[in-house]
Structures are given as structure tokens and as C-alpha cells.
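Have a look at the structure below before the remarks.
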There are 2 protein chains.
Amino acid sequence: MIEAKMESPVVLKKILDAIKELVSDANFECNEEGLKLQAMDNSHVALVAVELNAESFMKYRCDRPMPLGVNLASLTKVIKCAKDDDTVTLRATDDQDILHLTYEAKNTDRIAEYDMKLMDIDADALGIPETDYDATVKLSSGEFLRIVRDLSGLGESVRIEVTKEGVRFISEGESANGSILLKQSGGGKIERVRQGNGVKKEDGADDDDDDEDSGKKKAVKVKKEARDDEDEEMEEDDGGSIQEESGSEAEPEEEDADEEEGSGSKKRKRSSKASASAKKKTKTAAKKGKKKADDDDEEEEGGATIHMNQHVNLTFSLKYLVNFAKSGSLSKNVHLKMSNEVPLLVQFVFGGGLISYYLAPKIGDE
Amino acid sequence: MIEAKMESPVVLKKILDAIKELVSDANFECNEEGLKLQAMDNSHVALVAVELNAESFMKYRCDRPMPLGVNLASLTKVIKCAKDDDTVTLRATDDQDILHLTYEAKNTDRIAEYDMKLMDIDADALGIPETDYDATVKLSSGEFLRIVRDLSGLGESVRIEVTKEGVRFISEGESANGSILLKQSGGGKIERVRQGNGVKKEDGADDDDDDEDSGKKKAVKVKKEARDDEDEEMEEDDGGSIQEESGSEAEPEEEDADEEEGSGSKKRKRSSKASASAKKKTKTAAKKGKKKADDDDEEEEGGATIHMNQHVNLTFSLKYLVNFAKSGSLSKNVHLKMSNEVPLLVQFVFGGGLISYYLAPKIGDE
DNA sequence: GTCCATGCTT
DNA sequence: AAGCATGGAC
């Protein structure tokens with residue numbers, strides 16, 4: 001038996017809108033931690049993962065782990081029958097292949113119930129790469145959408161380069177070439193992600209120093225810790241333009257979590273966080289002459305927040321990126337995580353969950 | 001080498017949207033005066049001319065006149081990659097067949113660069129008719145769009161008649177006929193353009209009095225002059241409905257130029273002009289009991305400002321007019337200029353430039 | 001809450 | 001190329 005009640009169908013609607021063209025059927029794996037969906041896209045090129053944390057539900061109960069095999073088109077139809085201010089309750093029992101959905105208007109004057117057939121779906125053998133990434137870029141979802149859409153008008157592929165200059169998106173088409181450079185937000189320098197001792201290398205920016213700290217920032221799950229002090233001597237480790245950065249990448253979820261769903265001003269949470277982390281960073285920032293106390297809180301238009309451990313240069317199919325970018329409605333920002341020759345991770349963090357897309361790079365001139 | 005920097009891509013976007021279905025490839029002729037494009041439409045029926053004045057650019061440099069042969073579909077794609085608040089710089093060197101476009105966000109965090117192939121295009125042999133027109137009608141672009149779109153639902157062609165009654169758009173279709181009459185704005189009488197002595201004729205409205213004043217109002221370039229007094233006795237010269245008008249048609253460019261691009265209220269310039277010309281017209285208006293002091297400043301909905309030298313009666317293909325009307329987003333008003341048996345000129349004047357369409361009338365019942 | 005403009009789909 | 005739907009602005 002599983003029962004999950006949510007305040008609003010909006011997030012679910014957006015998730016389904018975002019992935020239903022990529023994946024037609026998938027299992028929602030339910031356990032005490034929440035709901036998780038992982039699936040290869042229909043052409044088995046990209047991988048989609050959605051996580052909804054148990055805590056984000058008004059009520060969440062899962063007696064034992066079970067998969068709910070759903071046809072996403074059907075679920076989309078059904079969830080669209082919920083008004084945006086209805087509460088939505090999902091229910092499934094162990095013995096029936098049925099998903100029950102109950103939509104209740106806030107005033108309880110209206111209760112709608114839907115039953116949807118579930119399917120048996122063979123779980124894809126999903127090898128989710130668990131890499132530490134050489135470069136991460138945070139930018140506004142709108143900007144990301146804009147970039148990939150613009151470039152998809154020119155060519156099939158985009159090359160993404162992260163250098164100390166910023167992140168560059170390059171597309172070469174028949175009639176025109178395009179190149180979009182996003183600099184670090186606010187004109188700051190590209191910040192070096194602090195990762196174990198990898199950054200100690202003199203030429204670290206071109207080397208593989210990502211293997212050494214696996215487990216340290218597993219995807220975006222790792223908690224920020226007070227490690228700032230131990231690496232202060234690493235400043236200027238790459239010609240003076242790459243700078244050590246103290247753990248700010250460790251908490252994108254919390255930061256983004258209420259950007260979209262929360263109704264408060266975008267400065268609300270930020271300011272409290274900034275003051276909290278500013279304390280830790282004061283020493284470092286002062287020493288290095290940084291303008292910003294906490295770059296993760298930078299959100300201004302057009303800019304990107306870039307953490308680079310090593311230059312990356314990867315080429316991807318724009319078609320998929322355009323698809324991924326649809327999830328922008330879930331979160332104000334998107335995180336791109338890249339290492340050379342491994343799949344790109346495109347991640348949207350929203351209140352109560354996370355949606356991740358993995359896409360393998362094109363190799364050579366394929 | 002040519003380099004042209006503009007504050008915003010919006011005008012260029014609108015121009016391309018407006019003409020890209022009419023013309024697929026064209027030369028932008030660049031010289032020190034600005035950029036000019038002239039081309040026959042793809043079916044060689046209509047002629048499109050676009051002018052962008054050098055002064056309207058933030059920066060403009062053209063070392064020597066050169067044509068930039070562009071595929072308009074490609075340029076449209078590329079220009080759409082500019083955000084509306086980006087500055088746009090066009091660059092072309094003499095030796096490369098490439099147009100470079102640079103889009104810079106105002107905060108400079110984002111710089112996008114596009115390179116587009118240029119083409120060698122045989123310049124059309126363009127005979128632009130330089131006529132003085134027997135009738136000119138100024139109306140709101142929205143009204144024009146509405147009229148041609150409405151009528152195109154009924155028939156293939158529209159007959160445009162300008163008489164002392166106003167301007168009439170007539171379409172005869174299989175299942176229905178339509179006729180739209182626009183009277184002079186504000187209920188004023190049709191104003192006779194003051195042209196030499198032509199208006200002295202008792203029946204001038206039906207005769208050919210347009211030959212006599214050629215050079216007086218060449219297109220829309222002629223300057224207003226204080227000639228009001230000399231013809232005051234001509235009032236009621238055509239049954240009391242045709243009226244001498246003192247050169248107010250002489251400055252549509254200036255008048256329209258900031259209607260669209262200017263950010264001021266639409267009454268700003270108007271009121272100052274009205275008071276200036278009101279002085280001149282006071283005598284006439286008082287004598288005739290006119291309501292309005294200056295009809296050129298009338299912009300209210302549904303009205304038209306009509307200057308007629310001679311009745312005209314011309315038939316045009318609606319298909320083209322509908323296409324022309326798309327340029328309405330560039331300017332609040334459109335000017336229609338007509339003489340019997342010569343091509344119609346449809347003109348949109350906007351901040352920094354001008355777009356003109358010429359369309360030959362249908363003869364007989366072709 | 002309504003209207004307009006833009007983007008996407010057929 | 002036209003119509004529909006969605007998102008943004010007033």
C-alpha cells in the first residue's frame with residue numbers, strides 16, 4: 001500500500017509535461033524515501049531520473065517498496081483533470097494493478113477520483129554514472145532554454161566548452177555558426193570547485209582530479225561541511241584566474257528548492273543563507289579580494305555561476321537538450337555538470353524533488 | 001568593411017518577419033547613408049524597399065559601398081537568436097563572404113556571436129516609380145491589417161477608391177461582397193493637397209490635376225510651407241466637400257518616426273504640432289465651421305487622413321496587401337499612395353527607417 | 001482578470 | 001502557413 005498526498009498537482013503536471021515525450025512508460029519506484037522514476041528515453045540515448053522526496057508530500061506512506069508501472073501519457077491525461085489548487089492523493093494497493101488518484105478542492109465541495117491501470121514494466125538496467133564533474137554551470141532555466149533553442153535553429157549539435165573565460169555554447173550549421181559565451185555572473189572569476197586534494201595540482205585544470213574525491217559530492221547530495229580552512233593556500237593555482245571555491249556547490253537543492261514553488265521573494269532565503277555561509281567564507285574571501293561572499297546566491301540575469309575543475313569540451317545533440325530544457329518551468333535555475341567524455345548531467349532542483357537528465361556526448365564528428 | 005551597431009534587434013526582427021515571405025534573398029546595399037534593401041518579391045509582382053538610416057544606428061561605419069547578399073530566412077533565424085534587449089552589431093569585411101553578428105547583453109555577461117554566409121545576388125533591375133500621387137491615405141496599421149484581412153476572406157482583389165467621400169475598400173466575392181468606407185478623421189472633409197494651381201478647377205476632384213504639380217510633393221519629402229492664405233477663396237470649390245489643405249502631408253516621416261520607437265505618449269508631439277498649425281488654419285476652419293484644427297494629427301481609431309488630388313479607383317491583389325500589412329508592427333500608421341494606373345505605394349515609416357511596398361494594380365478584370 | 005504577443009502544432 | 005495554446009504585460 002502506498003499513499004501520497006500532495007498540496008497541488010502542479011509539480012506533477014510539469015514533470016509529466018517535461019518527460020512525456022522522452023519516455024512513454026516508466027516505473028515509479030516507491031519506497032519510504034519517496035517516489036523515484038528512472039528510465040531511458042524511448043530511443044535509449046538519454047536517461048531521465050525524477051525524485052520526489054517523501055518529505056515534500058503532505059502525507060506519505062509506503063508500507064513496502066513497490067514499483068508503479070505507468071503509461072505516462074495516461075497519467076498526464078489523468079493528472080490534467082486536477083485543478084491546480086486541488087490536493088492530489090495517489091494510492092495503490094499491493095494486490096491491484098491500479099493507481100487511484102483523488103483530487104479534492106480546497107473547500108471539499110468537489111472530490112474527483114480517477115483509477116488508472118498500471119502496467120508491468122521491466123525496469124531498465126540503469127547504470128547511472130556517478131561521477132564527480134570537472135565543471136558545473138548554473139544558469140537560469142530560461143537562458144538555457146533560450147540558448148539551446150536558438151542554436152537548434154542553426155545546427156544539430158552544440159559544443160559546450162567550459163574554460164576560465166566562462167561557458168561557451170557553439171553550434172555550426174549550414175548557413176550560420178553561432179557561439180554564445182556566458183561569463184561568470186557579476187564579472188567574477190571562474191571559481192574552482194573545492195574537491196579533496198585534486199586542486200593541489202599545479203596544472204589541475206587540465207588533469208583528471210575528479211576520481212580522487214568520489215563520494216564527496218555525490219551528484220548534488222553531499223552536505224556542505226566546514227572544510228573551508230584546509231585549502232586556503234591553494235589560491236591562484238591555475239595562473240591566477242581560477243580560484244578555489246569553498247564548498248558552495250554542495251547545496252543546490254536547498255537553494256533552488258523554493259525558487260520556483262516558494263512564493264516568497266527570491267531574496268528571502270538567500271539572505272539568511274548568505275549570512276550563514278558568509279561567516280565561513282569571510283577569511284577566504286577577504287584574502288582573495290572576492291567581490292562576492294556567496295556566489296551560489298548569484299542569480300542575476302544572463303550570468304552563470306561556473307565551477308571549473310578542468311576545462312571541458314563536449315558535444316551534444318541539441319534535440320535532447322531542447323527536450324530537457326522544457327523542465328525549466330520546474331525551477332528557476334538549471335545545473336549542467338560535465339566531465340570530458342562522460343554523459344552530461346542536466347539537473348533541475350525544485351521544491352521537494354529533483355529531475356535529472358543524462359546525455360552521452362557525441363564522439364568524434366558523429 | 002562595414003560595421004553597424006544597433007540598440008536593439010527588434011526593428012530588424014520585425015522587418016525580416018514582414019518581408020521574408022515576400023523575398024527569399026536580397027542584397028543589403030550599404031553605403032555611408034545607411035543600409036538599403038530593394039528587391040522584387042519572389043513572384044516578381046511586388047517590390048519591397050527597406051531603408052535604415054545610418055543615423056539610426058548607435059555606431060555606423062561603411063568604408064565603401066558594398067552589397068551584402070543575404071538569405072533572408074537564414075538572417076531571420078540568426079537575428080532571432082538575439083534577445084530583444086541585446087545590442088546588435090553587424091560586421092562584414094570586404095574580403096570575406098561572411099556577415100558577423102554580435103549580440104551583447106546590456107550587462108555584458110552574455111555575448112553571442114554568429115557568422116552567416118553571404119551570397120552573391122544579382123541585383124534586380126529595379127525601376128522604382130517616382131510618381132507624385134493623386135491620393136494619399138494615412139490610416140492606422142491595425143486598421144489596414146484588419147481591412148485587408150477581412151476582405152481577403154471574401155475575394156481575391158480589393159478595389160480602392162478615394163473620393164471626396166473618403167476611401168473605400170471594396171471586395172467582391174462569390175458569396176459576399178464587402179465595402180469598407182473610411183471617412184476623413186474626425187469627420188473633417190477630405191483635404192485637398194495644395195498643389196500648384198490644380199485645385200483651382202471647379203471640378204478638380206474628378207479631373208487630372210495631378211500632372212501640374214510634379215516635384216511639389218515628391219513622395220513624402222516635401223516641406224510644409226506657409227501657403228495657406230493664397231487659396232482661401234477656394235473653399236467649397238467642389239460642392240463644399242473638398243477643401244484646400246496646407247501642406248500638412250509634408251512630414252509623415254517625422255510624425256511617424258517616434259510613434260513606434262519613441263517611448264513618449266502618443267499625444268506628446270501631436271499637441272505641439274496641433275497648436276502650431278492651428279494658427280495657420282484658424283481663419284479657414286472658422287469660416288467653414290470645421291471641428292478640427294489639424295487633421296494630420298488625428299490618429300483616433302477608425303479614421304483616416306486623406307489627401308486627394310484626384311479621384312482614384314484601383315484594384316489590387318489582396319494576397320499581397322495582406323503580406324504588406326504585416327509590417328504594421330513597425331509603425332502605428334501606414335501611408336497608401338495611389339494614382340490611377342500606377343503601382344500603389346504602401347509605406348511604413350518608423351524610427352530610423354522606412355519600408356515601402358509597390359504593387360501594380362490589376363487592369364480590367366484580370 | 002483581460003488582452004496581446006510569442007511559440008508550438010497541425 | 002494558419003490556428004491553438006501558453007506565458008507575460010497592463
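Atoms considered below: every heavy atom in the structure, side chains included; atoms not considered: hydrogens, waters and symmetry mates. Chain identifiers are assigned alphabetically (A, B, ...) following the order of the sequence lines, protein sequences preceding nucleic acid strands; residue numbering begins at 1 within each chain.
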Once you round it to whole Å, what is the distance between [atom2] of [N] and [atom1] of [X]?
{"X": "A:Arg146", "N": "C:dG7", "atom1": "CZ", "atom2": "C1'", "result": "12 Å"}
{"X": "A:Lys326", "N": "C:dC8", "atom1": "NZ", "atom2": "C1'", "result": "10 Å"}
{"X": "B:Asp84", "N": "C:dT6", "atom1": "CG", "atom2": "C1'", "result": "10 Å"}
{"X": "A:Lys13", "N": "D:dG7", "atom1": "NZ", "atom2": "C1'", "result": "15 Å"}
{"X": "B:Leu145", "N": "C:dC4", "atom1": "CG", "atom2": "C1'", "result": "14 Å"}
{"X": "B:Leu22", "N": "D:dA1", "atom1": "CG", "atom2": "C1'", "result": "14 Å"}
{"X": "B:Lys83", "N": "D:dG8", "atom1": "NZ", "atom2": "C1'", "result": "15 Å"}
{"X": "B:Asp85", "N": "D:dG8", "atom1": "CG", "atom2": "P", "result": "15 Å"}

For B:Lys13 and B:Ile79, the nearest pair of non-hydrogen atoms, with its separation, is CE-O, 3.4 Å

Residues passing the side chain to side chain donor-acceptor pair (under 3.5 Å) test with A:Ser43, sequence neighbours excluded, are A:Asp41, A:Tyr320

Would you check, one step at a time, whether the test side chain to side chain donor-acceptor pair (under 3.5 Å) holds for A:Thr76 with A:Lys20? CA-CA 8 Å; A:Thr76 301; A:Lys20 68 171 193 289; 5.4 Å; no

Give me the ring orientation class for B:Tyr357 and B:Phe348: parallel if the planes are under 30° apart, tilted from 30 to 60°, perpendicular past 60°.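 If you compare the ring of B:Tyr357 with that of B:Phe348, the planes turn out perpendicular.
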
